[in-house]
Number of protein chains: 2
Amino acid sequence: MARNRRSSQRVTMGEVAQLANVSPSTVSLYLRRPGEVSPRRADKIQAAIDRLGYLPNTMAGGLASSRSNVIGVLVPTITNSFFSETLETLERHLRSAGYQLLIGNTEFDDSREEELIRSILSWNPAGLVLTGFLHNRKSLSLLAHNDTPIVEMWDYGQPGLDMVVGFSHHSCGRLVAEHMLRQGRRRMAFVSTNFQRDVRAGDRYHGFRDTVEAAGGTVELRELSGRSHAEETGRLTQTLLQEHPDIEAIACSNDMVALGVMMECQRQHWAIPDRIALAGFGNLDFTTSTVPPLTTIEPPRREIGQHTARMLLSRLKGELPESDRRLDLGVRLVERQSV
Amino acid sequence: MARNRRSSQRVTMGEVAQLANVSPSTVSLYLRRPGEVSPRRADKIQAAIDRLGYLPNTMAGGLASSRSNVIGVLVPTITNSFFSETLETLERHLRSAGYQLLIGNTEFDDSREEELIRSILSWNPAGLVLTGFLHNRKSLSLLAHNDTPIVEMWDYGQPGLDMVVGFSHHSCGRLVAEHMLRQGRRRMAFVSTNFQRDVRAGDRYHGFRDTVEAAGGTVELRELSGRSHAEETGRLTQTLLQEHPDIEAIACSNDMVALGVMMECQRQHWAIPDRIALAGFGNLDFTTSTVPPLTTIEPPRREIGQHTARMLLSRLKGELPESDRRLDLGVRLVERQSV
DNA sequence: GTCAAAAATCGTAGCGCTACGATTTTAGCT
DNA sequence: AGCTAAAATCGTAGCGCTACGATTTTTGAC
């Protein structure tokens with residue numbers, strides 16, 4: 001059944017034109033602006049398209065128009081509901097506007113990010129979405145030589161390259177700290193994924209520590225070696241509370257870490273929140289189901305996707321004023337029973 | 001600073017050639033097969049590329065060679081560690097072989113899948129990766145008129161369109177059932193996400209029910225209205241156990257559902273596993289941290305990605321015999337303390 | 001019926017690159 | 001030095017489409 005040599009793309013616009021008895025230009029026009037073709041031809045063209053199973057060749061179109069419907073998106077990892085929900089929303093909004101997402105995984109590594117930026121720019125994308133403000137020197141130079149619209153998302157508070165949609169991670173830390181202080185806690189700890197890996201976790205820590213210390217409290221820091229891992233988190237929690245048995249509250253860089261801490265507390269029979277208050281970050285699905293339900297920070301995951309899409313789209317239409325290129329979506333403390 | 005009208009792609013291969021004092025063909029050759037260019041020119045060309053910040057235009061290249069380095073991947077949702085881990089692995093393996101992933105979200109909707117297939121085929125992709133065997137009529141016809149290599153992943157046991165990498169969901173159900181039967185349970189229930197939405201959850205249910213009933217047990221089915229939602233799961237569990245207080249074991253279509261059930265059991269003081277045995281599917285991160293840790297099925301998430309990539313790559317090199325186009329990776333029961 | 005204006009259609013010239021055969025250069029002999 | 005084979009380089013002709021100005025057809029006022 002394998003008909004041709006290779007190239008799955010067989011039917012061309014010219015063949016459609018021939019069958020419909022019009023010129024290729026008319027077919028092209030019909031595809032791009034159907035309203036400008038007379039109904040009679042439009043029907044014949046559509047019939048020919050259906051009959052032949054014609055699919056336009058995106059590359060040829062993109063080359064000829066020197067525009068592309070590609071938007072590149074780089075996230076540290078898609079294995080993480082933070083970014084995957086943003087991606088899903090972003091995808092939905094951009095696709096309905098006719099754009100195609102090219103997704104890349106930086107794995108929290110800026111030289112990988114550079115490689116991906118290079119690869120995506122070679123598609124001549126209509127836009128580019130990056131996570132955070134941290135890019136290496138070469139990436140910055142690549143982007144500087146390029147007038148592609150760029151959104152930096154999931155952070156806020158630095159100038160940024162072009163457009164910014166996110167929230168302040170420092171505020172997240174502050175919010176948790178204020179809540180714990182309000183509950184009368186003073187001796188705190190912060191258990192975190194690795195700062196090297198995730199700079200934004202570092203920002204949350206600083207917001208937490210600054211607020212606690214300003215109120216006369218203390219913060220003990222524990223950093224995991226990599227991403228959150230239940231076993232390591234358990235061990236870390238155990239030694240933390242052996243060394244500092246007076247700790248009254250633990251803030252975590254994210255909900256997975258908080259879950260690890262919570263399970264260790266259950267094993268050790270340290271009651272939450274009576275003996276130890278606990279808070280996370282992310283408001284992941286399971287946080288409503290733990291016992292007790294986890295107090296956490298709700299980051300605007302889907303909103304980031306939605307507003308990134310909106311900004312990019314209006315920017316591409318050339319109607320986004322300079323003043324609207326920066327958006328702080330803020331965060332919300334979700335008060336449950338763990339603090 | 002905005003120099004040109006539009007088109008972020010400014011420097012062409014011709015300009016590089018001019019600066020390096022060679023013809024454009026030589027630059028092209030250098031980029032594609034560097035070994036065939038003399039070291040002297042190679043250096044000059046590389047210098048020119050660096051100096052001008054040249055980035056090749058993927059679309060032009062793709063059009064000219066009528067090949068593309070694009071591989072389309074369709075998953076039901078990326079907001080789910082099942083698929084996102086497969087995607088991450090797939091991405092890593094394929095990118096290192098020079099391919100670019102075009103990811104689409106079908107949202108468990110086959111007309112959306114069709115639209116995405118159309119959109120991806122218009123890129124003239126080198127390969128296509130789909131989730132499962134269920135595709136609508138038009139999708140099948142699109143694919144039939146097209147000799148793009150296709151992998152259907154995350155399932156096994158049907159003929160498939162071309163290549164298949166996955167495991168049997170029926171076996172997952174059977175494995176859980178056998179384990180529960182071994183523990184002496186007979187009156188069972190299955191709490192599931194919606195079958196309409198996720199056909200594979202239905203297969204797991206059938207595997208479970210068939211095995212239990214063959215051993216003389218009973219299975220009560222409860223289906224959620226959509227994706228797993230902690231609150232609805234809790235309600236469903238409560239009424240299930242009111243109506244059938246003799247139930248001794250609950251199998252769930254996935255770990256999130258199992259977590260919802262577990263939390264409801266805790267609220268109602270039904271001891272797990274003494275009063276009720278519980279099992280999930282997926283072996284998600286949190287399953288080691290629950291109390292008690294959850295018995296579940298480990299699907300080969302990363303292996304699917306890895307073998308899909310391997311198969312696709314060797315197929316693209318034309319060296320994958322017909323006999324190696326189908327791979328059952330199997331699953332493993334992870335015995336913890338909930339059953 | 002005639003004619004100008006508007007609408008519809010068409011032809012041509014690329015977009016930036018690759019494939020491949022033609023041509024030039026180099027290397028290795030005698 | 002002269003010659004041949006191999007290696008390196010180049011020129012040309014597209015890939016399938018879009019942009020845009022030129023041409024043809026239609027419309028409707030008189």
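Lettering of chains follows the sequences in order, A, B, ..., and the numbering in each one begins at 1.
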Looking at A:S66 and A:L63, would you say the former's side chain and the latter's main chain have a donor-acceptor pair under 3.5 Å? no
Kindly say whether A:I304 contributes a backbone atom to a donor-acceptor pair with the side chain of A:T308 at under 3.5 angstrom? yes
Rounded distance (Å) that lies between atom P of C:dC10 and atom OH of A:Y30: 15 Å
Check every atom of C:dC17, D:dC10, C:dC10 against the side chain of B:T12 and return the nucleotide holding the closest atom. C:dC17
Do any side-chain nitrogens or oxygens of A:S66 fall under 4.0 Å of OP1 or OP2 in C:dC15? no
For A:S122, is there any backbone N or O sitting under 3.5 Å from a side-chain donor or acceptor partner on B:T58? yes
Might you confirm whether atom CD of B:Q46 has over 12 heavy atoms from other residues, nucleotides or ligands at distances under 6.0 Å? yes
If you assign B:A60 and B:P24 each to the DNA chain D nucleotide with the nearest heavy atom, which residue ends up on the more 5' nucleotide? B:P24
From CE of B:M59 across to P of D:dT18 the rounded distance in Å is 12 Å
Rounded to the nearest 0.5 Å, how far does CH2 of B:W154 lie from CG of B:L130? 15.5 Å
Regarding A:R95 and B:E115, does a basic nitrogen lie under 4.0 Å from an acidic carboxylate oxygen? no
At under 4.0 Å between heavy atoms, how does the protein contact nucleotides 19-25 of chain D? Give one character per nucleotide, 5' to 3', with B, S or -. B------
Taking the minimum atom-to-atom distance to the side chain of A:L63, which one of C:dG16, C:dT9, D:dT9 wins? C:dG16
Rounded to whole Å, CH2 of B:W123 lies from P of D:dG16 at a distance of 17 Å
Tell me the interatomic distance from B:M13, atom CE, to C:dC15, atom C1', rounded to whole angstroms. 14 Å
Rounded to whole angstroms, how far apart are CD on B:E15 and P on C:dC15? 11 Å
Angle, rounded to 10°, between the helical axes spanning five pairs at each terminus of the helix from C:dG1-D:dC30 to C:dT30-D:dA1? 30°
I'd like to know if the side chain of A:R325 reaches the main chain of A:D162, judged simply by a donor and an acceptor atom lying under 3.5 Å from each other, with no hydrogens or angles considered. no
Whole Å only: how far is the CG atom of B:N69 from the C1' atom of C:dC17? 14 Å
Winner on side-chain proximity to B:N57, out of D:dC17, C:dG11, C:dG16, is C:dG16
Backbone N/O of A:T77 and side chain of B:E88: donor-acceptor pair under 3.5 Å: no
If only side-chain N and O atoms of A:Y54 are considered, is one of them under 4.0 Å from the OP1 or OP2 phosphate oxygen of D:dC17? yes
Checking side chain to side chain donor-acceptor pair (under 3.5 Å) against A:N136, which of A:R112, A:E113, A:E114 comes through? A:E114
What is the distance, rounded to the nearest whole Å, between atom CG of A:L29 and atom P of D:dT18? 10 Å
